[in-house]
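See structure below.
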Amino acid sequence: MSTNKFDDLLTQLGTGKWNLLYFLGSAYWCLWMPPQFISGIYLAPAVNYTCLPPENESVVEISQDSCSYMVRTSSSAELEEELCSEWDFDTSVFSSTITSEFSLVCGRGHLRATYQSIYMLGTFISPLLAGYLADRFGRKIVVVVTQVVTALTSLSLCFLTNFIAILIVRFIMGSVNLLTFFILALEVCEPKHRGTVGILTGLPWALGTMAWGAMAYLIRDWRWLQAAVSLPTVLNFFPLYFMDESPRWLIVNGQHDSALRVLQKAARWNNATIPLEEDLRDLMRNIQDESSTPLRTRDTTQESWPKEVMRIPPCAEPLEGSATF
């Protein structure tokens, strides 16, 4: 298999500063995902509220759920029910929330769940895009574009004053929540360390969840809280500047000159020895040829394959030792 030959090459490169850069970048990305993923917990929480009827109304009684009130009409002694349109929100926990700013209570209460669900709808679409985009355009370009979009959309939420616009931005954020950064980190990882790296890269998610709660405790205004967890994502562009495209993707797509430069850089950073340029080019051609073979074949001494053989697309083969989902 082509992945075996490429894995042998990664083994020769070993593990060093070059691989560590990808791991740290991916881990840092994972650290700041929970505040966006589960932001509804603190940005749009359930808040106690009390109906505020108009001052000129002859209010007799306010309903227990504070969604309506009873008024006495001037023309008769009968009571009429009116729906509340303004509320006094409890600010003892949060000084400002999406719930209170956009009155997501009573008839609009379902919009609190919509705020969270629209992001999850985006994450449903993102896996459909991730594989195609990463194989078509490359791992790094997809990572860079998604990081730019994530940073811009998360920061823009701090300034939006229209709830529909907030929902649209949340959907976009969910749609670009791709695992390409994680895949890139695994593709440059030495095979024997892939399982460990896959686990360690996920640990920052737990740390990010705890940090999200701590920041919400310290910052009680939703716009400032959103800004506080969005600004750190900009720092991820620093490691991205020094990262290279996945050499595996470059080889499979015939960009051998670029792959050669990446591998030589990796060898310098890791103080490793790799084959000479001519031998390396021969190896890359072999990897590309085997990756572009549409059908798998078996040794004639073994049992023959069934008539229907699954087509394996280039760059879609699983990496040996990589974590599965």
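Any value given below was found using the heavy atoms of this structure, including those in side chains, with hydrogens, waters and symmetry copies removed. Source: prediction; values computed, not measured.
With S156 contributing its side chain and T153 its backbone, the two residues share a donor-acceptor pair below 3.5 Å. Side-chain N or O atoms of T150 include none that pairs as donor or acceptor with a backbone N or O of Q147 at under 3.5 Å. A donor-acceptor pair under 3.5 Å is absent between the side-chain atoms of S126 and the main chain of L178, judged by distance alone. Checking side-chain atoms of T201 against main-chain N and O of G198 turns up no donor-acceptor pair under 3.5 Å. No side-chain donor-acceptor contact under 3.5 Å links N270 to the backbone of A267. For N253 (side chain) and Q255 (main-chain N/O), no donor-acceptor pair under 3.5 Å exists by modelled atom type. The closest donor-acceptor contact from the side chain of T209 to the backbone of W205 lies under 3.5 Å. Side-chain N or O atoms of S95 include none that pairs as donor or acceptor with a backbone N or O of T91 at under 3.5 Å.
Residues satisfying the side chain to side chain donor-acceptor pair (under 3.5 Å) test with S100, not counting sequence neighbours, are T97. A search for side chain to side chain donor-acceptor pair (under 3.5 Å) contacts involving S103 returns nothing, not counting sequence neighbours.
Under a hydrophobic clustering in which Ile, Leu, Val, Met, Phe, Trp and Tyr are joined whenever their side-chain heavy atoms come within less than 4.5 Å, directly or via other members, L83 and L52 fall into different clusters. Residue I41 is grouped with residue L218 when hydrophobic side chains (ILVMFWY) are merged at heavy-atom distances under 4.5 angstrom, including chains of intermediate members. Residues L31 and M210 share a single hydrophobic cluster, defined by chaining ILVMFWY side chains whose heavy atoms lie under 4.5 Å apart. Note on F89: it does not cluster hydrophobically with V93, by side-chain heavy-atom contacts below 4.5 Å among ILVMFWY residues. At a threshold of 4.5 Å between side-chain heavy atoms, the hydrophobic network of Ile, Leu, Val, Met, Phe, Trp and Tyr places L283 and L263 in one connected group.
No more than 12 heavy atoms of other residues, nucleotides or ligands lie within 6.0 Å of CZ in F124, so this atom counts as exposed by the packing criterion. At most 12 non-hydrogen atoms from other residues, nucleotides or ligands lie less than 6.0 angstrom from CZ of R136. Atom NZ of K265 has more than 12 heavy atoms from other residues, nucleotides or ligands within 6.0 Å.
Separating the CG atom in N236 from the CH2 atom in W29 is a distance of 9.5 Å, to the nearest 0.5 Å.
The pair D7-R194 counts as a salt bridge, with a side-chain nitrogen and a carboxylate oxygen less than 4.0 angstrom apart. Checked for salt-bridge contact, D8 and K5 miss the test: no charged N lies under 4.0 Å from a carboxylate O. The pair K140-D244 fails the salt-bridge criterion, with no side-chain N (NZ, NE, NH1 or NH2) lying under 4.0 Å from an Asp/Glu carboxylate O. Ion pair E245/R139 not flagged as a salt bridge, since none of the NZ, NE, NH1 or NH2 atoms sits closer than 4.0 Å to an Asp/Glu carboxylate oxygen.
Inter-residue side-chain proximity for W87 and T50 is flagged as unmet; no heavy-atom pair is nearer than 4.5 Å. Side-chain contact check for F237 versus Y241: every heavy-atom pair is 4.5 Å or farther apart. Residues Y49 and C106 have side chains in contact (heavy-atom distance under 4.5 Å, counting atoms from C-beta outward). Taking 4.5 Å as the limit, every side-chain heavy atom of R248 sits out of range of all side-chain heavy atoms of V188. Inter-residue side-chain proximity for L10 and P191 is flagged as met; some heavy-atom pair is nearer than 4.5 Å. The closest side-chain heavy-atom distance from L43 to L225 is below 4.5 Å. A 4.5 Å side-chain heavy-atom check between F23 and N19 finds every atom pair outside the cut-off. With a 4.5 Å cut-off on side-chain heavy atoms, S96 and R223 do not count as touching.
Defined by atom type and a distance below 3.5 Å, a donor-acceptor pair is present between the side-chain atoms of Q226 and Q36. For the residue pair W222/E101, the side-chain donor-acceptor check at 3.5 Å is satisfied.
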Can you check disulfide bond (SG atoms under 2.5 Å apart) on C84 and C67, steps first, answer last?
CA-CA 5 Å; C84 290; C67 290; over 6 Å; no

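Taking the six-membered ring where the residue is Trp, F94 and Y42 present tilted rings, their angle falling between 30° and 60°. Classified by interplanar angle (parallel below 30°, tilted 30° to 60°, perpendicular above 60°), the ring pair Y132/F137 is perpendicular. Ring orientation note: the planes of W18 and Y22 are nearly perpendicular, at an angle over 60° on the 30°/60° scale.
Note: F171 and Y119 fail the aromatic proximity criterion, with ring centroids not under 6.0 Å apart.
A cation-pi contact, defined as under 6.0 Å to the ring centre and within 45° of the axis, links R170 to Y115. Both tests hold for R220 against Y217: distance to the six-membered ring centre under 6.0 Å, angle to the ring axis within 45°.
Between H256 and the choices R285, R261, Q288, the side chain to side chain donor-acceptor pair (under 3.5 Å) rule is met once, by Q288.
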